[in-house]
Amino acid sequence: MNKPQLFGADYSVYVRICRLSLHEKGIDYELIPIDIFSLGDASATYLERQPFGKIPSFEHDSFRLYETGAITRYIDEAFDGPALQPTGTKERARMNQIISIADGYIYPQLVWGMYVELVSKVARDEPTDEARVAAARAKAPVYLDVLANFLGKTPWLASDHITLADLYLAPMLDYFLQVPEGSGMLSKRPNLEEWWNRMRRRESMRLSRLPA
Ligand SMILES: N[C@@H](CCC(=O)N[C@@H](CS)C(=O)NCC(=O)O)C(=O)O
C-alpha cells in the first residue's frame with residue numbers, strides 16, 4: 001500500500017489535526033509542504049486538489065480528499081490502529097458535536113479572533129482589530145466552560161479513549177494558550193487544564209509542535 005500524502009503547512013491547525021490522526025493511528029505518511037499564504041503561481045496546480053485554496057488536502061492510493069472532517073474519518077476507517085471514533089451512538093454524536101463547535105466557534109474566535117489578532121499581528125507589527133478581539137474575548141469563557149462540562153471527570157472529551165474531538169481541540173487550544181490571558185483562563189477550569197497537560201505530552205502533539 002502506498003504511503004498516504006498530506007499536503008499543507010506545519011503551522012496550520014487543520015493540517016495538524018490530520019497529522020495527529022495519522023500519528024495516533026501509527027501511520028507512516030508524507031507531508032508535502034504547501035504554504036497556502038504564499039503559493040503565488042503554484043496555486044493553480046494546488047487548486048486541482050483543493051478548489052477552495054485551503055490546506056490540508058490528502059491522497060491515498062490515488063484517492064484524493066479534502067476537508068479535515070472527511071480526511072480524519074477516512075484515516076480512522078481505512079487503516080488499522082486504535083479507533084479514533086467511538087462506536088456508541090451517543091458518544092459518537094458527542095464527538096461530532098464537539099468537532100462542529102471547534103470548526104464553527106473555537107477556530108474562528110479563539111484562533112483567529114484572539115491568537116491571530118493578539119499574537120500574530122503584533123509580531124508582524126500589524127494593527128489589532130480591537131472590536132474583533134472584544135467579541136472573541138466575551139465568548140471565550142463560554143467555549144471553555146462548554147468544553148470543561150463535556151469533559152467532567154473523564155480524561156477525554158467524548159469517550160473513555162482519545163477521539164477526533166480531542167485531536168481537533170488540542171491544536172486550537174495550543175494557539176489560544178499563546179494569548180497572554182489564555183493560560184489564566186485555562187487554570188480556572190482545572191479539569192480542562194489537566195486534559196491539556198495530558199494532550200500536550202502525547203508523542204503526536206510533541207512531534208507536530210512548531211519550533212518556538
Ligand atoms: N474546512 C476546511 C478548513 C481548512 C482551513 O481553514 N485551513 C486554513 C489553514 S488552518 C487555510 O487553508 N487557510 C487559507 C485561507 O483561508 O486562505 C477543513 O476542514 O479542512
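Side chains are part of it too, since the values below use all heavy atoms of this structure and drop only hydrogens, waters and symmetry mates. Start at 1 and go down the list; that is how both ligands and their atoms are numbered.
In the displayed structure, Asn197 atom CG is contacted under 6.0 Å by more than 12 heavy atoms of other residues, nucleotides or ligands.
In this structure, the side chain of Tyr46 engages the main chain of Lys54 through a donor-acceptor pair within 3.5 Å. Side chain of Asp76 to main chain of Gln85: a donor-acceptor pair is present (N/O by atom type, distance under 3.5 Å, no hydrogens or angles). For the pair Arg198 (side chain) and Pro155 (backbone), a donor-acceptor distance under 3.5 Å is present.
Here is the list of ligand 1 atoms found below 4.0 Å of a heavy atom in Val13: 10 (S). Of all atoms in ligand 1, numbered sequentially from 1 with element shown, those under 4.0 Å from a heavy atom of Pro56 are 20 (O). Interface atoms of ligand 1 facing Thr68, defined by a heavy-atom separation under 4.0 Å, are 18 (C), 19 (O), 20 (O).
Note: Tyr66 and Phe52 have perpendicular aromatic rings, judged against thresholds of 30 and 60 degrees for the angle between ring planes.
Taking atom 9 (C) of ligand 1 as the reference point, the nearest protein heavy-atom neighbour is Ser12 OG, 3.6 Å. Scanning the protein for heavy atoms near atom 14 (C) of ligand 1, the closest one is Ile36 CG2, 3.5 Å. Lys54 CD, 3.7 Å is the protein heavy atom nearest to atom 6 (O) of ligand 1. Atom 1 (N) of ligand 1 has Glu67 OE1, 2.8 Å as its closest protein atom, hydrogens excluded (heavy atom only).
In this structure, Tyr107 has its ring center under 6.0 Å from that of Tyr14.
Among Ile34, Ile55, Val15, the residue whose heavy atom sits closest to atom 7 (N) of ligand 1 is Ile55.
With a 4.0 Å cut-off on non-hydrogen atoms, Tyr107 touches ligand 1 through its side chain and not its backbone.
Screening His23, Lys3, Arg19, Gln5 for a side-chain hydrogen bond (donor to acceptor under 3.5 Å, both in side chains) involving Tyr29 leaves a single residue, Arg19.
Using a 4.0 Å heavy-atom cutoff, Phe37 is listed among the residues neighbouring ligand 1.
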